[in-house]
Amino acid sequence: MSKFKKDKVMPRYFIVAVALTVAGLAVIAKAAYTMTAEKDYWTAVANNQINLADSIRKPNRGNILSCDGQLLAGSIPEYEIFIDFRAGLQRLEDGTLWEDTAWVRQRNELWMEKLDSLCEGLHVIFPQKTAEEFRAHLMEGFNKKSRYWRIWRGKVDYVTYNEVKKLPFLNLPRNKGGFCGTEFPARRHPFGSLAERTIGSRDTARYGVELAFDSLLKGSYGIAHKQKMRDKMVYVTTTPPVDGCDVVTTIDVGMQDLAEQALLRELQARDHLMGVAILMEVQTGDVKAIVNMEKSADGVYRERLNNALGYRCEPGSVFKTASILVALDDAVVDTNYVIHTGSGVMKMHGANMKDHNWYRGGYGSINVAKALEVSSNIGVSYVIDHFYGQNPTKYVEGLHRVGIGMDLQIPLNEYRAPKIRYPNTQTTVRGEYWSKTTLPWMSIGYETQIAPINTLAFYNAIANDGKLVQPRFVKEIMRDGQVVEQLQPVVLKDQIARPEAVKTMQTILTHVVSQGLGRRAGSKSFSVAGKTGTAQVSDNVYNYHTGKRCHWLSFCGYFPADEPRYSCIVCVKTTTGPASGGLISGSVFHDIAEGVMAKDVRKVAANARDEHSSFVPEVMNGDVQAADYVLSQLGIATTGNWASAAKGDGAPVWGVSEQQADGVKLDKMTADPDVMPSVHGMGARDAVFLLEQKGLKVHVSGTGNVVQQSIPAGTRLKGRMTCSLLLG
C-alpha cells in the first residue's frame, strides 16, 4: 500500500477548492447582475415566452347601472368579418398549396354559383354598398387567394355578424366556406350621451366612474395553454378569467334626462357658452343628475369636460351665504344688524363697491337678512370688512369651517378642490398677494376659485341642518346580481355651524326666493330656498381688460324648503344678456324642481286608492266579451243580458250585479237595431265593434276616444252606410 504524500496532494486539493470557490462566486455575481441590471430585459423575454405558449383569456367588463338598475354602460362584442379564400387547400411537403383537389374544384364552382345571391344579401345588410361593388371587391380577394379578405370595412355587432354568417356560401363550415370573424369588446351607452362625462369614456377608462372603479370593473385575466388532442392543437383553460363587478351609481335616468333637457332649452334659446346642473339628495348626498354641456365649434352642445366637478371660477353672489354664515356662527352680527348702503356706491380701501341697482339709488339702510335677500354687495362686504378687517385669517378659517372651502375628496379624477387663499402680503405672485381690497371682494364671491359641486355641497349642508355629506356617485358593487359591497354615505362634518346660525340661514334663503331676487326659482306648489349669483369671469378670450365680458350665472338652493329632499345648482357661462343669475339659472332651477316634484307626485297619485272602497271601472258600449273578461279578472260579477251577450247569446244590453252597479256609468244601447247609437267617448276598438254589429262600414281617423261621428245618434239606418269617426 502506497504512502499518502501529503506535501504533493494538499496543494492540489487547495487549487481545486479555490477554483470551485471562484466559480461559485462568479455564478452568484452573474445571478445578481441578471436580477438587477438585466432584470427588465429577461422579464420581457419571459413574458414573450409566456405569450407564445399561452393565450390570455379576457374577462367581461362589468356594467355600470343607474340607481334603479337601468344599464348606463355595458360591454358587448363587435366583430371584424373576413373570408378565407384558402380554406380547403392542402399543403404539400415542399410547402406549396395544392389546389387540384375534388373539394377545391367543387368549392370554386359553388362560389361562382352563390356569388350573386351572396352579394345581394350583403347589399341588404350593408345598403351603403351596391351588390356590384361587393362582387368586384370579393372577386379581387378570390383571385388573390387572400387568407383574410375583409368583407366589410368596419366593425359589426353580434346580430349583424350572425346575419352575414347565414348568407349563401358563408354558411358553410369554417374550413370550407372560410367565413371567420375577430371579436372585439366594445363599450356601449344605451342612453347615448346622458351623463356621459360622469359615467366614463366608451373606449378606455380615461375618466368618470369607468376610471375611478376600473380595478373592480375590469375583473382579472385568465390563462389558457395549447395542447395537442387528436392531431389538433387546442387551447385548454388553466386559469379561468373572473368577470368584473357591476357598479350601481346614484344617477336616476329620469331625473338626469329632465335636468339635461331643462338646461339645454336655456342654452340653445340664448346661445350661451356652457351650462352645468347638479341634482343631489339632501340626506345621503346621492347625485341623482349631473349635466355638463359646452358649446362645440359646430354649435352643438356636448359633454366635453366634467365642469360640474372641475371648473373652478369665482362663484359670485352664491358665496355671500357662506360669508354671512361665518359672521352668524361667530355671533358678530344677527339678522337685525343694520348696514347703511347709501345710494348704492361705497368706497372701500380706495375702490368703489357697487350694488346692482346703484343707478337707481341703491337700497339705503338695510339689515343683514335683507342684504342677502336683495344680494347687496355693499351690505355683505361691509359686514365682513368691518368685523374681520383686522383679522382676515379668522374669516378665511371660518370659510373652511362652514365647509365651502373643504376638499370633498370625490374619487372622480376631474374633481378640483377649492382654492381659498389665506392672507399673505409677502408673496410676489400677483394672484396670491393679499391686498386691502381682497377681503371685501372675497366676501361677495371674487378672489376665490370654487367648482359648482363644492357650492352645492355647502348649500346641501344648510338644508341638512348643518351636516355636510360627501357627494356620492356610486352606492353599490355587485357581482352576479348579489351585492358584495355597499358604499355608505360619508359625513365630512357633523355640524358646519351652530344650529341657531343654520336655522337662521335657512329662513333667509327661503325669503330670498319668496320675496327677494330668487323669485324665478320658486314654485306655487312647494317652497324653495336658495341664492342667486352673478359674477364677471375671465379666461383666455374674455377678461377685464379686453372689453369682452363673460358672466358666470348661478342659482343654488334646495326644495321643498320646509322638508328638504333635493338640493340643486344651475350654472351658466354666457356673453349674452341679460346677465342675471336669478333670471337665467333660476328659471332652469325652477323647471328641474317642478319636474322632479311632479314625477314624485305622479308616482304617489298612481298608487293612491282607498283599500276599503269598492273600485269599479267605467264601462261603456262596445266589445261585450272583452269588457266581461276585464270585469271578471277584477272580481266583478256580471248578470242578466250582460252575461248572455258576452257569450254571444243575444243583443248586447249592459248590466252588472246590483252590489257592483253603484258608481258604474251605464250607456245603454238603443234597443232598435236600425237606429244609430252614440259612440262618443268610446275607444276606437269598441266603437268600431259596435257599429259593425249594426252593419255599418267604419272609417277612423285620429287617436284617443271618439269626439265626433258623421252619422248623428238616433238616425234611422238604411242599407250599407259609412260612418266616419274622429278621435281626439
Side-chain angles (χ1 to χ4, degrees), residues 51-58 60 75-186 222-238 240-241:
N51 291 336
L52 289 173
D54 299 332
S55 175
I56 301 298
R57 290 291 183 256
K58 292 183 178 180
N60 294 318
S75 295
I76 60 174
E78 287 187 339
Y79 299 85
E80 289 183 348
I81 50 178
F82 306 90
I83 184 171
D84 179 9
F85 287 109
R86 296 186 185 180
L89 272 63
Q90 296 182 4
R91 190 173 296 276
L92 302 178
E93 294 181 358
D94 59 358
T96 60
L97 291 174
W98 185 40
E99 302 182 27
D100 190 18
T101 64
W103 161 245
V104 173
R105 291 192 296 272
Q106 181 183 350
R107 186 202 64 177
N108 291 345
E109 292 174 0
L110 185 63
W111 166 256
M112 299 307 299
E113 178 185 342
K114 300 292 185 181
L115 181 59
D116 290 338
S117 57
L118 169 60
C119 294
E120 288 294 339
L122 288 173
H123 169 64
V124 172
I125 298 174
F126 306 106
Q128 303 93 324
K129 204 170 183 178
T130 65
E132 291 74 15
E133 290 174 332
F134 271 115
R135 181 185 178 89
H137 172 69
L138 293 177
M139 283 303 299
E140 181 183 354
F142 177 78
N143 294 329
K144 291 181 178 180
K145 295 182 176 57
S146 175
R147 185 67 187 269
Y148 292 104
W149 189 255
R150 191 184 295 272
I151 298 175
W152 182 247
R153 62 180 177 271
K155 295 184 178 68
V156 300
D157 56 31
Y158 181 72
V159 175
T160 305
Y161 172 81
N162 281 327
E163 289 179 356
V164 175
K165 192 176 180 180
K166 294 176 182 178
L167 292 177
F169 192 82
L170 300 184
N171 56 6
L172 297 175
R174 166 72 175 83
N175 62 339
K176 294 183 178 180
F179 176 75
C180 57
T182 304
E183 181 178 327
F184 296 89
I223 298 177
H225 67 275
K226 280 186 176 181
Q227 183 173 331
K228 189 172 184 180
M229 296 180 65
R230 294 184 179 180
D231 298 329
K232 293 178 63 177
M233 297 300 295
V234 297
Y235 280 103
V236 178
T237 301
T238 55

Chi angles and distances behind the side chain to side chain contact (heavy atoms under 4.5 Å, CB included) call for Ile125, Trp152: CA-CA 11 Å; Ile125 298 174; Trp152 182 247; over 6 Å; no
Greater than 12 external heavy atoms within 6.0 Å of Arg153's CZ: no
Gap separating the CG atom of Leu138 from the CG atom of Leu170, nearest 0.5 angstrom: 8.0 Å
Lys129 NZ to His123 NE2 distance, which is reported to the nearest 0.5 Å: 12.5 Å
Chi angles and distances behind the side chain to side chain contact (heavy atoms under 4.5 Å, CB included) call for Met139, Leu115: CA-CA 9 Å; Met139 283 303 299; Leu115 181 59; 3.6 Å; yes
NZ/Lys114: more than 12 non-hydrogen atoms of other groups inside 6.0 Å: no
N/O donor-acceptor pair under 3.5 Å between Trp149 side chain and His137 backbone: yes
Worked check of side chain to side chain contact (heavy atoms under 4.5 Å, CB included) between Phe85 and Lys144: CA-CA 8 Å; Phe85 287 109; Lys144 291 181 178 180; over 6 Å; no
Heavy-atom side-chain proximity of Phe169 to Arg107 below 4.5 angstrom: yes
Check: Lys58 and Pro241 side chains under 4.5 Å, non-hydrogen atoms: no
Shortest non-hydrogen contact between Arg174 and Cys180, atoms and distance: NE-CB, 3.4 Å
Heavy-atom pair with the smallest gap, counting every atom of Phe82 and Ile151: O-CD1, 3.6 Å
Side-chain donor or acceptor of Arg86 paired with backbone N/O of Lys145 under 3.5 Å: yes
Distance (rounded to the nearest 0.5 Å) between Thr160 OG1 and Lys165 NZ: 14.0 Å
Side chains of Trp111 and Leu118 in contact at under 4.5 Å (non-hydrogen atoms): yes
From Tyr161 atom OH to Glu78 atom CD, the distance as rounded to the nearest 0.5 Å: 14.0 Å
Sole residue of Val164, Leu172, Leu167 in side-chain contact (heavy atoms from CB on, under 4.5 Å) with Phe179: Val164
